[in-house]
Structure formats: C-alpha cells, structure tokens
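Data first, discussion second: the structure below is written as structure tokens.
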Amino acid sequence: MTAAFAPYDLGGTRLSHRIVMAPMTRSRAYGPGQSATDLMATYYAQRASGGLIVTEGTQPSTVGQGYPDTPGIHTAEQVAAWRKVTDAVHAEGGAIFLQIMHTGRVGHPSLTGLTPVGPSAVRAEGQVYTHEGPQDFITPAELTEAEIARTIAEFADAARNAVAAGFDGVELHGANGYLIHQFLAPNSNQRADAWGGTPERRIRFAVETAQAVAEAVGPDKVGFRISPGNPYNDIDESDRPDREATYSALVDALAPLGLAYLHQMEAPEVRDLVVRLRKAWPGTFILNPFSGAEPTGPDALALIEDGTADLIAYGGLFLANPDLPARLAAGGPFNTPDRATSFGGDHRGYTDYPALG
C-alpha cells in the first residue's frame, strides 16, 4: 500500500502520509468551562503519527453543546487550553484540525440551561445522555433568520479561535444528525422559507457557513464532513432521489470555495454516491468507510490505491492504537477498542492503550 504511506500536501499543510484520525467524541473536557486538559494533550500527542488528526466535535457556542464534558472553542479560557493540545501535537510532528460541531436539536437544557435550537421545531426521537442520566430529546426552538445569521457568525468566530489556538485548520461537522445535517435533511428541516423546502434551499445554511468560515481563516484551512443517508440522531434521508439531489447540489456549491477537503462518513449502501461525490469534488476527498460493527480495518487502505479516496479516516482503531500508522504498515497486531470507556472517565481507555514495543 505504497500510496497510503506517501506524503501528501493538504492545501499547504504537509502530511507525512494519508492515514487520518477521525473525529471521535470522548467527553473528557474537565477543564474550567468545558476546556481541554493536560490529559487531552497527552491523548492527541500520542496519536500525532497520524497524517492528520481531526479532533472531537467542539462547540462554537454554549447552546451548541449537546453532550456532557465536550470541549468548546468560544471563550479565551478554552482557546488557551487548546493551545496546550496543539503545541503537544506539533512537538511530535503532527498536523491537527479542530472539528466544529454545533449539535442543534440534539441536547438538553440540563446540560447548558438553554433550550436546544434547530432549523424547525421538530423533536428528534430518542434520548441524550446527561449528567442526570439519559433524557428524552425535547422540541427545539426554531431558529429565526437573525439567529441563523448569528449562528453562522459563531462558526466563523470559532474558526478564528481555533487558528489562534494553533490548529492547522478546522472541519465543519455537517454529518451525524447535528445542526448542519439537520438543515440538510427533510424530516428535521420543515421550513417553508429560503432555508428549507427544496434541496437547493436546504443546503443554504451549510454553504453559507462554509463561506463565512473560509472568509474568516482561509479556505485552505477548512474541511467539511458529510454523512449522506446516515440515520443517526433521527435523521431520515431514505428518499434516494432527494438525498442524491441534496448532496450533489451541496458538493457543487462547496466546490468553488477551494476548501481543504471534503470528508465523507460512509453510511450503509451508499458507495455509489461516494463514488459520484468523489468524482464531482475537485479537491482532496477523505473517506471514513462504512465497516459495520467492526472498526475500519487495514483493507480500507486499498481505497486509496484504487482512487476511491485520497485519504482514509480511522476512528475506533485509532482510539485503541495510538501508533496506528506503524501498525498498519506492519500488518498489525491491533489493540481492540474498549467501548465501555469511550465516553467520559479518566486515563483508562484513553491514554493507556499500549504502543508497539
């Protein structure tokens, strides 16, 4: 797999190879005001041999927080804390982008004291974990035009803060049923104004957010993540013609911006759409392949060799193997992720996974 281990130029950021650490929520931002900790700096520095690290989802505002102990990037305290992380990763020769994640209707007032917001006042089916235990999602407040503009500005401010904190760039989280994805999906976006209805109007929030962030920090420092067809957080994109029209329109609108990359988290049975979007995208295409219940494995590197993707993102396997690129090059062995320690907790299941001797 020689191509996977070749250096790569990501919009001016030099990557040592094409293996990416995917963003993964870990819920260990125990610093003041949901800020990064020294333990988080250790965790990311351990994985700095990745060609690119994309951090866990990080909220651009208080109302954008949907889970306990997730980090923010909207206060000076949070920016200073993240600087310890970026310094640690850069000291190990790594590159790191911050994922900006506004969870939208996914969340609960017990986490923030605020009512979650969304494109429409449509409650998601299911529950969210809080410090008081699982609680049902509530009906979000529908964003007004003025609030939409303010939310877009918060994304841009978060990107500026990320660059000030030393990140090489940011990734906009338009996947997994969070706010940008909620605008894209017809079941969560039931607006009848210029922000909803047709695919062309449902993509507007995503496109204008990407434009604002690109203007704030430069398009070469901005990636965008999508997950067409992913039902997570009660998203329904099962109407295939609508799904394909929506994401084709989105990619066509994002393409002229000159972003650093498009990152697709693959849902089941959408490989044909992966191939079409990859062909339509003029720049770097990162794929987090669908692998079912098992973590993405070494066979996925063949997708770089055959041109399906430029880079491959690994989630669970990178969580459990801090030196994953070396293990992939050697053909293993691989530590198994401990799902019981995925979210919250201390160093166990976080910084204590062993590297190869």
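The analysis underlying the following values was restricted to heavy atoms, covering all of them including side chains, and did not include hydrogens, waters or symmetry mates.
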Could you tell me the separation between the CG atom of Leu303 and the CG atom of Asp310, rounded to the nearest 0.5 Å?
-> 11.5 Å
Could you tell me which residues satisfy side chain to side chain contact (heavy atoms under 4.5 Å, CB included) with Pro219, sequence neighbours excluded, listed by chain and number?
-> Ala214, Leu259
Within the side chain of Gln190, is there an N or O that forms a donor-acceptor pair under 3.5 Å with the backbone of Asn187?
-> yes
Is there a donor-acceptor contact under 3.5 Å linking the side chains of Glu56 and Tyr44?
-> yes
Going only through I, L, V, M, F, W and Y residues with side-chain contacts under 4.5 Å, is there a path from Leu257 to Val217?
-> yes
Same cluster for Ile235 and Val122 if Ile/Leu/Val/Met/Phe/Trp/Tyr side chains link at under 4.5 Å?
-> no
Strictly by modelled atom types, are Asn189 and Arg202 linked by a side-chain donor-acceptor pair under 3.5 Å?
-> no
If Ile, Leu, Val, Met, Phe, Trp and Tyr residues are connected whenever their side-chain heavy atoms lie under 4.5 Å apart, and connections chain through other members, are Ile53 and Tyr314 in the same group?
-> yes
State whether the number of non-hydrogen atoms from other residues, nucleotides or ligands found under 6.0 Å of Glu269 atom CD is greater than 12.
-> no
Any side-chain donor-acceptor pair under 3.5 Å between Asn233 and Asn176?
-> no
Among side-chain atoms of Arg26 and Tyr43, is any donor-acceptor pair under 3.5 angstrom?
-> yes
If every non-hydrogen atom of Ile96 is compared with every non-hydrogen atom of Val85, which pair is closest and at what distance?
-> CD1-CG1, 4.2 Å
Side chain to side chain contact (heavy atoms under 4.5 Å, CB included) partners for Pro337, two or more places apart | Pro295, Leu319, Ala320
Lys/Arg-Asp/Glu bridge criterion (N-O < 4.0 Å) met for Asp87, Lys84 | no
Answer yes or no: is there a side-chain heavy-atom contact under 4.5 Å between Pro199 and Asp242?
-> yes
N-O pairing of Arg201 and Asp193 below 4.0 Å | no
Side-chain touch Leu111/Pro68, heavy atoms, less than 4.5 angstrom = yes
Criterion side chain to side chain contact (heavy atoms under 4.5 Å, CB included) on Arg191 and Phe183, from CA distance to verdict | CA-CA 9 Å; Arg191 303 176 72 102; Phe183 269 93; 4.3 Å; yes
Could you list the residues that satisfy side chain to side chain donor-acceptor pair (under 3.5 Å) with Glu142, not counting sequence neighbours?
-> none
Test Gln182 against Val117 for side chain to side chain contact (heavy atoms under 4.5 Å, CB included), laying out the working first.
-> CA-CA 10 Å; Gln182 291 161 25; Val117 298; over 6 Å; no
Whether Trp82 side chain and Ser35 backbone form a donor-acceptor pair below 3.5 Å | no
Closest heavy-atom pair and its distance - His181, Ala175 = ND1-C, 3.5 Å
Considering all heavy atoms, the nearest Asn335-Leu317 contact = O-CD1, 4.3 Å
Shortest non-hydrogen separation from Leu143 to Thr151 and the atoms involved = CD2-OG1, 4.1 Å
Measure the shortest side-chain to side-chain distance between Phe205 and Pro119 over non-hydrogen atoms and say whether it is less than 4.5 angstrom.
-> no
In terms of hydrophobic clustering (I, L, V, M, F, W, Y; side-chain heavy atoms under 4.5 Å; direct or indirect links), are Val63 and Ile100 co-clustered?
-> yes
Who passes side chain to side chain donor-acceptor pair (under 3.5 Å) against Asp338, sequence neighbours left out?
-> Thr341
Consider only side-chain N and O atoms of Thr70 and Gln59, and report whether a donor and an acceptor are under 3.5 Å apart.
-> yes
Give, for atom CD of Glu237 and atom CG of Asn230, the distance between the pair rounded to the nearest 0.5 Å.
-> 8.0 Å
How many angstroms lie between CG in Asp157 and CD1 in Ile152, if you round to the nearest 0.5 Å?
-> 12.0 Å
With sequence neighbours excluded, residues passing side chain to side chain contact (heavy atoms under 4.5 Å, CB included) with Pro322 | Gln46, Arg47, Tyr353
With a 4.5 Å heavy-atom cut-off, do Thr25 and Ser342 have their side chains touching?
-> no
Nearest heavy-atom contact between Pro60 and Glu154 is CB-O, 3.8 Å
Taking all non-hydrogen atoms of both residues into account, name the closest pair between Ala280 and Val251 and its distance.
-> CB-CG1, 4.1 Å
Set of residues satisfying side chain to side chain donor-acceptor pair (under 3.5 Å) with respect to Arg18, sequence neighbours excluded = none
Intermediate values then yes/no, side chain to side chain contact (heavy atoms under 4.5 Å, CB included), Leu328 and Phe334 = CA-CA 9 Å; Leu328 289 170; Phe334 301 102; 3.9 Å; yes
Taken in chain and number order and not counting sequence neighbours, the residues that satisfy salt bridge (charged side-chain N to carboxylate O under 4.0 Å, His left out) with Glu244 are Arg240, Arg276
Please step through side chain to side chain contact (heavy atoms under 4.5 Å, CB included) for the pair Leu301 and Ile19, ending with a clear verdict.
-> CA-CA 8 Å; Leu301 295 180; Ile19 298 162; 4.1 Å; yes
Sub-4.5 Å side-chain heavy-atom contact between His173 and Pro23 | no
Look up atom CG in Leu250 and atom CD in Glu200, then write down how far apart they are to the nearest 0.5 Å.
-> 11.0 Å
Apart from Tyr232 itself, its cluster of hydrophobic side chains linked below 4.5 Å comprises Tyr67, Met101, Val106, Val128, Phe137, Tyr178
Ser227 (side chain) donor-acceptor with Met265 (main chain) under 3.5 angstrom = no
Can you run down the salt bridge (charged side-chain N to carboxylate O under 4.0 Å, His left out) pairs that involve residues 208-229, sequence neighbours left out, and say none if there aren't any?
-> Arg204-Glu208
Does a side-chain heavy-atom distance below 4.5 Å link Ile138 with His108?
-> yes
In terms of hydrophobic clustering (I, L, V, M, F, W, Y; side-chain heavy atoms under 4.5 Å; direct or indirect links), are Val222 and Val163 co-clustered?
-> yes
Partners of Thr139 by side chain to side chain contact (heavy atoms under 4.5 Å, CB included), sequence neighbours excluded?
-> Ala121, Arg123
More than 12 non-hydrogen atoms from neighbouring residues, nucleotides or ligands closer than 6.0 Å to CD on Glu294, yes or no?
-> no
Kindly indicate whether the side chain of Thr42, heavy atoms from C-beta on, has any atom under 4.5 Å from the side chain of Tyr350.
-> no
Under the side chain to side chain donor-acceptor pair (under 3.5 Å) test, which residues partner Ser291, sequence neighbours left out?
-> none
Within-4.5 Å side-chain heavy-atom neighbours: Val79 and Arg83 = no
Joining Ile, Leu, Val, Met, Phe, Trp and Tyr whenever any side-chain heavy atoms lie under 4.5 Å apart, the cluster holding Ile286 also takes in Tyr8, Leu10, Leu15, Val20, Leu52, Val54, Phe97, Tyr261, Leu311
